[in-house]
Amino acid sequence: MKRIAICLALIGAMVPAAGLAQSSAGSGDRPDADPERYVLSPAGESFLRLDRQTGRISQCLKRDETWRCVLVPDVQIVLEEEVARLSEEVASLRAENRRLAAKAGEPPAAEDSAPAAPKGGERHSLTPEEEKEIDRAMDFTEKAMRRFFGMMRTLRQEYDSFAE
């Protein structure tokens with residue numbers, strides 16, 4: 001708790017000093033700037049600055065007696081930009097596919113065509129040959145399982161007899 005109070009006191013002392021440094025560097029007063037816009041939080045040897053208006057975060061570091069804040073990459077923004085780029089690419093590839101299909105004389109394909117899945121109540125009907133093949137496979141599996149469990153019973157009995 002004491003460390004937090006010290007950090008807050010440091011921040012309180014640094015913010016006005018940083019403001020004076022900026023105004024003395026020729027940036028001038030910024031009467032339109034909202035004094036409540038940014039929140040500073042200590043992060044090791046640096047500070048994190050949250051912009052309350054945009055939600056962007058910057059890391060502020062002191063280099064050569066000057067504080068400098070650099071934006072931290074926002075993963076959400078990067079992902080949204082990538083999704084937008086890929087959506088544009090998909091749209092252009094679909095247009096190219098339509099153009100090539102028309103050139104080849106093929107009928108246009110549906111936009112989001114996917115193989116039709118059987119509906120909930122529908123079942124695939126099997127031919128009599130397929131039914132016989134499934135019955136043979138089930139018989140084989142049943143025999144193999146019975147033999148396996150029989151061998152396990154025999155091994156268990158042998159193990160128990162050694163343990164006595």
Side-chain angles (χ1 to χ4, degrees), residues 1-5 7-8 10-11 15 32-63 67-164:
M1 194 67 165
K2 189 174 182 181
R3 290 178 73 190
I4 294 173
C7 289
L8 289 175
L10 267 172
I11 292 172
V15 170
D32 60 333
D34 182 7
E36 300 291 318
R37 180 174 178 176
Y38 298 104
V39 176
L40 291 173
S41 298
E45 303 255 335
S46 63
F47 290 91
L48 293 179
R49 180 182 73 177
L50 170 66
D51 185 340
R52 290 182 177 174
Q53 288 181 357
T54 64
R56 300 297 308 261
I57 297 175
S58 301
Q59 182 179 24
C60 301
L61 296 166
K62 187 174 184 178
R63 292 205 180 136
W67 284 92
R68 181 174 177 163
C69 296
V70 179
L71 279 175
V72 175
D74 189 349
V75 175
Q76 182 68 29
I77 291 173
V78 172
L79 290 175
E80 288 173 0
E81 289 171 352
E82 182 68 7
V83 166
R85 184 189 69 77
L86 291 173
S87 295
E88 290 174 8
E89 185 177 344
V90 166
S92 68
L93 289 172
R94 284 184 176 155
E96 180 72 10
N97 282 344
R98 283 192 299 273
R99 186 185 67 75
L100 291 172
K103 188 176 181 179
E106 296 176 4
E111 278 300 310
D112 289 322
S113 61
K119 294 184 178 120
E122 293 181 16
R123 298 190 94 185
H124 178 69
S125 61
L126 300 173
T127 64
E129 294 83 27
E130 291 172 330
E131 290 282 346
K132 287 179 186 177
E133 185 67 28
I134 289 175
D135 286 340
R136 280 196 305 262
M138 292 300 289
D139 289 341
F140 171 79
T141 304
E142 182 181 2
K143 287 178 186 176
M145 294 300 291
R146 288 185 187 279
R147 285 178 66 188
F148 174 76
F149 284 113
M151 289 172 37
M152 290 293 107
R153 254 191 315 275
T154 304
L155 286 172
R156 173 56 81 185
Q157 290 169 352
E158 289 176 6
Y159 177 77
D160 288 342
S161 68
F162 285 127
E164 295 174 351

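The structure presented is a predicted model; accordingly, all values stated were derived computationally and were not measured.
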Going by the rule side-chain contact (heavy atoms from CB on, under 4.5 Å), which residues pair with Thr141 if we only count those two or more places apart in sequence or in a different chain? Met145
With sequence neighbours excluded, tell me which residues meet salt bridge (Lys or Arg N to Asp or Glu O under 4.0 Å) with Arg136. Glu133
Can you check side chain to side chain contact (heavy atoms under 4.5 Å, CB included) on Ile134 and Met138, steps first, answer last? CA-CA 6 Å; Ile134 289 175; Met138 292 300 289; 4.2 Å; yes
Would you call Glu81 and Arg85 a side-chain contact if the rule is heavy atoms closer than 4.5 Å? no
Smallest heavy-atom separation, Gly55 atom then Leu50 atom, equals O-CD1, 3.9 Å
Begin from the C-alpha positions of Arg68 and Arg63 and carry the test side chain to side chain contact (heavy atoms under 4.5 Å, CB included) through to its verdict. CA-CA 7 Å; Arg68 181 174 177 163; Arg63 292 205 180 136; 5.8 Å; no
Leu61 side chain reached by Glu45 side chain, heavy atoms, under 4.5 Å: no
Residues passing the side-chain contact (heavy atoms from CB on, under 4.5 Å) test with Glu88, sequence neighbours excluded, are none
State which residues pass side-chain contact (heavy atoms from CB on, under 4.5 Å) with Asp51; sequence neighbours excluded, sorted by chain then number. Arg37, Tyr38, Gln53, Thr54
Nearest heavy atoms of Ser46 and Gln59, plus distance in Å: OG-NE2, 3.2 Å
Can you confirm whether Thr154 sits close enough to Glu158 that some side-chain heavy atom of one is under 4.5 Å from a side-chain heavy atom of the other? yes
Kindly write out the residues that satisfy side-chain contact (heavy atoms from CB on, under 4.5 Å) with Arg156, not counting sequence neighbours, or none if the list is empty. Tyr159, Asp160
Go through the steps to decide whether Arg146 and Glu142 satisfy the test salt bridge (charged side-chain N to carboxylate O under 4.0 Å, His left out), and finish with yes or no. CA-CA 6 Å; Arg146 288 185 187 279; Glu142 182 181 2; 3.0 Å; yes
Looking only at heavy atoms, the pair that brings Arg49 and Leu40 closest together is CB-CD2, 3.5 Å
Salt bridge (Lys or Arg N to Asp or Glu O under 4.0 Å) against Glu96, all qualifying residues, sequence neighbours excluded: Arg99
Calculate, to the nearest 0.5 Å, the distance between atoms CG and OG belonging to Leu48 and Ser58 respectively. 9.0 Å
